[in-house]
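First comes the structure, then the notes that go with it.
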Amino acid sequence: MGLSMTYKVLENNKIDGKVISGMDIKLKINQTLTQDTTGTMVYLQLLELGVSKKAVDRAVAYIDHNTLQLGFENADDHAFIESVCKRFGIIYSKAGNGICHQLHLERFAVPGDVLIGSDSHTPTCGGAGMLAIGAGGLDVAIALSHGYYEMKVPKVMNIILTGKRSEGVGAKDIILQILKVLSVKGGVNYVLEYSGEGIQSLSVTDRATICNMGAELGATTSIFPSDDATLDYLKRQGRSEDFKELFADDDAHYDDVLKVDLSSLKPQVAQPHSPDNVIDVDKIEGIKVDQVAIGSCTNASYSDLMTVAKILKGRTVAPEVSLTISPGSSSVLKMLTDNGAISDMIEAGARILEASCGPCIGMGQAPKSDAVSLRTFNRNFKGRCGTASANVYLVSPETAAWSSIKGHLESPVGKTGVDLKEIVWPDYFDRVNSYFVNYELNPKAEIIMGSNIKPFPLNVPLPERLEGKVILKTGDNITTDDIVPSSSNLLPLRSNVPELSKYCFQSIDPEFYNRSRNNKVGIIIGGENYGQGSSREHAALVPLYLGIRAVIARSFARIHKGNLINSGILPLIFESAFDYEKISEGAHLELKINFESMVIEAIDTQNRRRFKLLFDGSDRDFEIVKAGGAILYLRGAL
Ligand code: MIC
Ligand code: SF4
């Protein structure tokens with residue numbers, strides 16, 4: 001039986017282990033990326049690991065999230081990250097250069113290579129045939145310092161795209177349709193591998209949009225073949241030498257197959273408050289819109305924004321609508337400026353924002369109370385936009401631009417009067433270099449630490465008997481935004497875990513902080529897909545700081561589980577779903593941990609009820625938790 005693209009790349013990069021689904025594997029990492037809100041922790045941990053140079057071919061540190069400098073904190077974080085880049089020879093991408101995933105696709109994605117990044121949307125580079133995986137900060141620090149990443153070999157799902165989409169249906173509509181079918185947990189433990197005649201009509205940036213939102217499916221990553229379209233894109237980026245072909249074998253084995261017919265696909269919309277709450281736009285057309293925000297790592301490429309410019313040209317944004325546009329990169333912004341597209345957007349009444357994450361991570365543009373906000377972004381979790389009462393709908397750039405003109409949600413199909421089929425690319429994309437600084441390795445470079453940068457918490461080795469109180473019991477699909485919210489006020493605290501801890505679970509249970517503070521050992525009970533969403537390891541470090549030693553859930557999202565393990569917090573699952581129902585908040589649990597079998601016997605001390613829990617990880621993961629987290633484990637192993 002032949003190999004999938006995923007397994008080919010894993011075979012090529014394997015240092016140790018077998019490429020068999022469910023087995024542990026140690027992978028050589030070619031590239032790493034970090035962004036600023038997770039980057040400070042990555043680099044604090046890198047310094048703690050005590051190495052003097054990086055162990056990957058290419059490492060890039062992007063400043064793209066925390067670019068709103070309301071005080072000294074964000075700028076201090078940037079200075080810290082830059083100083084680490086100087087010491088280790090890491091490429092530094094200055095604020096203003098654009099969003100890490102868009103930039104990495106443009107400048108560094110290499111088909112067939114392996115990238116890990118401290119951001120859940122790292123899989124965006126799968127659009128160019130790269131195996132690009134989002135991970136926790138410490139995993140990226142270990143890849144940077146030791147050159148490897150350890151993971152369970154995922155299953156592979158083949159998503160076959162058939163037919164051709166109609167004009168006005170965007171790549172975003174394809175991935176929204178897949179979310180409708182598979183749900184936010186449908187991709188957990190899978191790599192999604194695309195094939196079929198339908199992919200021929202998708203450019204690399206279309207493909208990147210689809211891979212980007214594989215993160216919302218919980219997938220390990222998503223990947224497209226590296227074919228003529230990939231070569232064409234790389235040529236226009238001036239780096240055809242990076243091209244390598246990558247296809248699955250004709251008789252490749254897949255664990256699952258999903259067929260999506262593009263010819264019958266209509267524009268889609270994810271309704272509040274989950275990316276999988278998807279419906280055809282024409283089923284809810286007419287909803288009055290207050291804000292439209294176009295941009296993010298999902299939909300801010302040259303093609304996306306040229307499509308928007310075409311729709312806006314010669315028209316005016318509806319009177320009560322605020323339309324913002326954030327380009328994905330400085331190069332995209334420059335090309336749109338030079339070809340007049342920005343002029344068309346401004347004449348239509350759009351607000352042009354910096355090339356950065358911006359409103360996607362609540363860095364400005366919080367909508368008014370109870371607003372309806374249409375966004376081309378990838379997440380619409382409640383409150384993430386900065387306004388708790390707002391309703392965020394996720395749509396394609398085509399639907400967003402058209403609705404901004406109409407003042408209400410409306411499908412653009414057959415209505416815009418402009419040709420939306422293919423956006424003609426320039427022979428060569430502009431490549432703005434001024435925001436990239438290529439630092440050379442300099443072990444003597446001084447590390448600059450602002451006063452807001454505090455040490456990260458370290459755990460202690462796991463005892464064989466753990467007694468703790470259930471501080472919180474949650475339902476299903478808890479996001480990392482629920483655990484550690486992000487907003488323009490809170491993002492500057494990403495380097496200051498003690499301060500950030502005051503906001504832990506704020507929107508779910510404002511008393512969580514006080515209850516944990518007054519308690520010694522805490523336990524959280526979670527439902528299905530606990531910790532979905534972002535890669536922020538703060539969602540583990542902050543609970544650790546507040547004394548949480550175990551999370552018992554019905555199931556976990558991949559990156560968050562990795563972050564719990566790296567922090568020495570036990571990720572446990574119920575042997576029987578019935579036990580989830582039986583435990584209540586405030587219960588006092590005694591956990592007897594069998595270090596040999598990794599089976600945990602739990603006793604609810606109030607009613608003496610006994611039940612079994614299982615450690616949700618590999619033998620090595622268990623060793624890490626036993627040691628008190630990955631830093632202590634590595635110290636012991638070296
Ligand atoms: C996000 O989209 O939630 C973020 C901000 O990019 C996160 C990273 C973070 O929390 O800093 C992600 O997706 O990993
Ligand atoms: Fe930035 Fe939003 Fe993409 Fe996260 S999802 S990297 S915040 S643009």
Side-chain angles (χ1 to χ4, degrees), residues 161 163-184 198 201-202 206 209-210 212-213 216-217 260-296 298-300 303-305 307-312 315 317-318 320-325 348 350 359-360 367 371-381 385 390-421:
L161 305 182
K164 226 176 160 193
R165 63 199 153 124
S166 329
E167 191 172 341
V169 174
K172 177 68 153 283
D173 297 311
I174 302 175
I175 187 65
L176 287 176
Q177 170 67 25
I178 296 171
L179 270 151
K180 189 198 271 175
V181 177
L182 292 180
S183 90
V184 286
S201 62
L202 297 172
D206 287 336
T209 296
I210 294 171
N212 175 279
M213 280 191 82
E216 278 50 65
L217 292 156
V260 181
D261 174 20
L262 303 189
S263 53
S264 58
L265 188 64
K266 293 178 173 176
Q268 301 293 307
V269 50
Q271 306 172 93
H273 298 283
S274 180
D276 62 358
N277 188 13
V278 176
I279 188 171
D280 292 354
V281 169
D282 57 18
K283 294 225 170 83
I284 55 165
E285 252 178 11
I287 296 175
K288 189 180 170 319
V289 169
D290 303 288
Q291 183 193 54
V292 177
I294 295 175
S296 90
T298 318
N299 275 131
S303 302
D304 286 335
L305 299 191
T307 306
V308 169
K310 267 192 168 184
I311 296 176
L312 294 183
R315 298 186 160 116
V317 172
E320 292 180 4
V321 172
S322 161
L323 168 65
T324 64
I325 300 175
C360 180
V372 167
S373 176
L374 292 193
R375 300 178 161 216
T376 66
F377 307 166
N378 47 40
R379 292 187 170 140
N380 59 346
F381 305 141
C385 62
N391 286 307
V392 175
Y393 293 76
L394 307 175
V395 292
S396 69
E398 291 86 339
T399 301
W402 181 242
S403 303
S404 75
I405 302 290
K406 303 304 289 180
H408 57 255
L409 177 66
E410 191 173 299
S411 160
V413 172
K415 303 208 185 101
T416 61
V418 287
D419 177 7
L420 295 178
K421 267 193 259 57

Checklist entry - Hey, mind stepping through L217 and I175 against side-chain contact (heavy atoms from CB on, under 4.5 Å) and telling me if it holds? => result CA-CA 9 Å; L217 292 156; I175 187 65; 4.0 Å; yes

Checklist entry - Would you call I405 and T416 a side-chain contact if the rule is heavy atoms closer than 4.5 Å? => result no

Next on the checklist: Closer than 4.0 angstrom, basic N to acidic O: yes or no for K266 and D282?
Outcome noted: yes

Checklist entry - Could you give the distance from OG (S264) to CD (Q177), rounded to the nearest 0.5 Å? => result 7.5 Å

Checklist outcome for this item: In terms of heavy-atom contacts, P397 and V308 come closest through CB-CG2, 3.7 Å

Checklist entry - Who are the side-chain contact (heavy atoms from CB on, under 4.5 Å) partners of S183, not counting sequence neighbours? => result K185, D276

Next on the checklist: Are the side chains of L323 and L312 in contact, using a 4.5 Å heavy-atom criterion?
Outcome noted: yes

Checklist entry - Listed by chain and number, what are the side-chain contact (heavy atoms from CB on, under 4.5 Å) partners of A400, not counting sequence neighbours? => result V292, I294, T376, V395

Item to check | Atom pair CG (L394) and OG (S274), whose distance is rounded to the nearest 0.5 Å | outcome: 9.0 Å

Next on the checklist: Using every non-hydrogen atom in the two residues, find where S263 and S166 come nearest and quote the distance to one decimal.
Outcome noted: O-OG, 4.2 Å

Item to check | Check: A270 main-chain N/O paired with N277 side-chain donor or acceptor under 3.5 Å | outcome: no

Checklist entry - Of the non-hydrogen atoms in P275 and V184, which two are nearest, and what is the gap between them? => result CD-CG1, 4.2 Å

Checklist entry - Does K310 use its side chain to pair, donor to acceptor, with the backbone of D419 at less than 3.5 Å? => result yes

Next on the checklist: Once side-chain hydrogen bond (donor to acceptor under 3.5 Å, both in side chains) is applied, do any residues pair with S201, and if so which ones, sequence neighbours excluded?
Outcome noted: none

Checklist outcome for this item: Checking L374, I311, V321 against S403 for side chain to side chain contact (heavy atoms under 4.5 Å, CB included), the one that qualifies is L374

Next on the checklist: Quick one, E216 with N380, criterion side-chain contact (heavy atoms from CB on, under 4.5 Å). Give me CA distance, side-chain angles, the key distance, then yes/no.
Outcome noted: CA-CA 10 Å; E216 278 50 65; N380 59 346; over 6 Å; no

Checklist entry - Can you find a pair of side-chain heavy atoms, one from I174 and one from L202, that are under 4.5 Å apart? => result yes

Item to check | By side-chain contact (heavy atoms from CB on, under 4.5 Å) - contacts of N391 (at least two apart) | outcome: P272, H273, Y393

Checklist entry - Is the shortest heavy-atom distance from the side chain of V260 to the side chain of I178 under 4.5 Å? => result yes

Checklist outcome for this item: In terms of heavy-atom contacts, V278 and Q268 come closest through CG1-OE1, 3.4 Å

Next on the checklist: Applying side-chain contact (heavy atoms from CB on, under 4.5 Å), can you list everything that pairs with K406, at least two apart in sequence or on another chain?
Outcome noted: W402, H408, E410

Checklist entry - Hey, does the side chain of S396 reach the backbone of T399 with a donor-acceptor pair shorter than 3.5 angstrom? => result yes

Next on the checklist: Taking the side chain as everything from C-beta on, heavy atoms only, tell me whether P367 gets closer than 4.5 Å to D290.
Outcome noted: no

Checklist entry - Below 4.0 angstrom, N of the basic side chain to O of the carboxylate: do R165 and E398 qualify? => result no

Item to check | Set of side-chain hydrogen bond (donor to acceptor under 3.5 Å, both in side chains) partners for K164, sequence neighbours left out | outcome: none

Next on the checklist: Could you check whether any side-chain heavy atom of T298 comes within less than 4.5 Å of a side-chain heavy atom of D304, counting everything from C-beta outward?
Outcome noted: no

Checklist entry - In a check of side chain to side chain donor-acceptor pair (under 3.5 Å) between K172 and each of N212, N299, N378, which one passes? => result N299

Item to check | Flag side-chain contact, heavy atom, 4.5 Å: M213 against L176 | outcome: yes

Item to check | Verdict with supporting geometry, E285 and K415, salt bridge (charged side-chain N to carboxylate O under 4.0 Å, His left out) | outcome: CA-CA 14 Å; E285 252 178 11; K415 303 208 185 101; 3.6 Å; yes

Checklist entry - Ignoring hydrogens and geometry, is there a side-chain-to-backbone donor-acceptor pair from R375 to P359 under 3.5 Å? => result yes

